[in-house]
Participant: 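This is the structure I have questions about; it appears just below.
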Amino acid sequence: MYKRFRRLRTNKTIRDLVCETKLSKDDFVYPLFVKEGRFDKIEVASMPGVYQMDIETIVKECGELIAIGIKAILLFGIPEKKDNIGSECMGEYSLISRTIRAIKQKYPEFYIITDLCFCEYTSHGHCGVLDDKTGQVNNDKTLENSLTQALVHLKAGANMIAPSGMMDGIIATLRNGMDKHGYSHIPIMSYSTKFASAFYGPFRDVAQSAPDKGDRKTYQMDVANRAEALEESLEDEAQGADILMVKPALSFLDIIRDIKNNTNLPIAAYNVSGEYAMLKLAGKHGLIDYDKVMYEKLLSMKRAGASIIITYHAKEICEMLN
Ligand code: PBG
């Protein structure tokens, strides 16, 4: 005896009609890594298909992304020189600001989100200024510097700021500062629930941002904490975040759903480097059907409650959706 379930599965038309979640090219943000110098692009061993690019190559890449139907990028910088406070990213002619200007000159409508952090720019690899006494990241000094960095990005033409350093009070600091400086129209996507995860390994190779000593557990969240994850995102909403983010995504789908059930803000899922690399490698060895698993993985993030997916798969999935 057929019950309702199998009656609605008999062919593709009816399955499509009752399908609850669909991926669209509008859902994706593609991370890009600009590196100082003239060298075209360098592939990073731990992340096949992901490159460090020079400014000229990034601009060309943006043309290709637009042709595929990708509408937004998340930009990271790899400077030539690092120091203990990460000064490079706070100067008007920083690598990121020159990159934004170069992209905007050619593609003024292309949507540029900038990752706001210090780990790529500091010689010690931590996400802010270290406190002389404790050796830990000094929260309030880092807040001050974060606003300086944000204003550099905005002056160059960034469309959205995405602070990822996990400092307390970062959203209120940026919102107030940006409003004061004439950027009240610019949204903030908060890395509101960002865990101290082991899934960031390959990213740190690409971004050259691994901490030289210790880990990020004094500022990023404990992967075990579900209640705190919700609290941090709701705190960022209260401070004025426009979009909340959960990172990583795949092992944290429960967290995405918790937040979705407690906010009306859009939620972004960051499908991070380790998640990407695992799938790439399994695909390369023929252990899985790469395209189908990629689709299923990204779909699960949307089904969990994310409407924005930041992923290194963005080109592949958008080509598939064409
Ligand atoms: C910077 C930052 C990291 C990632 C995004 N922004 C690394 C980290 O926190 O160590 C990770 C992204 C990825 O793994 O794909 N703080």
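Quick note: numbers below take in every heavy atom, side chains included, and nothing from hydrogens, waters or symmetry partners. Order of appearance sets the numbers: ligands from 1, and atoms from 1 within every ligand. Source: prediction; values computed, not measured. All residue numbers in this chain count up from 1 along the given sequence.
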Participant: With K71 as the cation and F28 as the aromatic partner, state whether NZ or CZ is under 6.0 Å from the six-membered ring centre and within 45° of the axis.
Facilitator: no
Participant: Using a strict 4.0 Å cut-off to heavy atoms of C119, name the atoms of ligand 1 that fall inside it.
Facilitator: 1 (C), 16 (N)
Participant: Using a 4.0 Å heavy-atom cut-off, which part of C117 comes near ligand 1: side chain, backbone, both, or neither?
Facilitator: side chain
Participant: Which ligand 1 atoms does R216 reach within 4.0 Å, using its non-hydrogen atoms?
Facilitator: 8 (C), 9 (O), 10 (O)
Participant: Can you tell me if E275 contacts ligand 1 (heavy atom of the residue under 4.0 Å from the ligand)?
Facilitator: no
Participant: Could you tell me, atom by atom, which parts of ligand 1 come under 4.0 Å of a heavy atom of K194?
Facilitator: 1 (C), 2 (C), 3 (C), 6 (N), 8 (C), 9 (O), 16 (N)
Participant: Can you see whether S192 engages D236 through a side-chain donor-acceptor pair at a distance of less than 3.5 angstrom?
Facilitator: no
Participant: Hey, are K133 and N138 close enough side-chain-wise for a donor-acceptor pair under 3.5 Å?
Facilitator: no
Participant: Any cation-pi pair here, K194 with Y191, using under 6.0 Å and within 45°?
Facilitator: yes
Participant: I'd like to know whether ligand 1 has E120 as a neighbour, heavy-atom separation below 4.0 Å.
Facilitator: no
Participant: Considering only heavy atoms of R204, which atoms of ligand 1 have at least one such atom less than 4.0 Å away?
Facilitator: 8 (C), 10 (O)
Participant: Ignoring hydrogens and angles, state whether a donor on the side chain of D168 or Y219 is under 3.5 Å from an acceptor on the partner side chain.
Facilitator: no
Participant: With a 4.0 Å cut-off on heavy atoms, does Y276 reach ligand 1?
Facilitator: no
Participant: Is a donor from one side chain sitting under 3.5 angstrom from an acceptor on the other, for D54 and T57?
Facilitator: yes
Participant: Is the closest N or O pair between S209 and ligand 1 shorter than 3.5 Å?
Facilitator: no
Participant: Could you identify the single nearest non-hydrogen protein atom to atom 12 (C) of ligand 1 and state the distance to 0.1 Å?
Facilitator: F203 CD1, 3.3 Å
Participant: If you measure from each heavy atom of M166 to ligand 1, is any distance below 4.0 Å?
Facilitator: no
Participant: Just jot down the ligand 1 atoms closer than 4.0 angstrom to any heavy atom of K247, in number order.
Facilitator: 2 (C), 3 (C), 4 (C), 5 (C), 6 (N), 11 (C), 12 (C)
Participant: Do you see a donor-acceptor pair shorter than 3.5 Å between the side chains of D205 and S46?
Facilitator: yes
Participant: Closest non-hydrogen protein atom to atom 14 (O) of ligand 1, residue and atom name please, with distance?
Facilitator: S273 OG, 2.7 Å
Participant: Return yes if some donor-acceptor pair links the side-chain N/O of S24 with the main-chain N/O of D26 below 3.5 Å, else return no.
Facilitator: yes
Participant: If we ignore angles and hydrogens, is there a donor and acceptor under 3.5 Å between the side chains of N261 and R257?
Facilitator: yes
Participant: When you look at R175 and D242, which way does the salt bridge (charged side-chain N to carboxylate O under 4.0 Å, His left out) test go after all the steps?
Facilitator: CA-CA 10 Å; R175 190 69 276 161; D242 300 280; 3.6 Å; yes
Participant: I'd like to check which ligand 1 atoms, numbered from 1 as shown, lie under 4.0 Å from a non-hydrogen atom of Y312.
Facilitator: 12 (C), 13 (C), 15 (O)
Participant: Under 4.0 Å from a heavy atom of D115: which atoms of ligand 1 are those, numbered in the order shown and with their elements?
Facilitator: 6 (N)
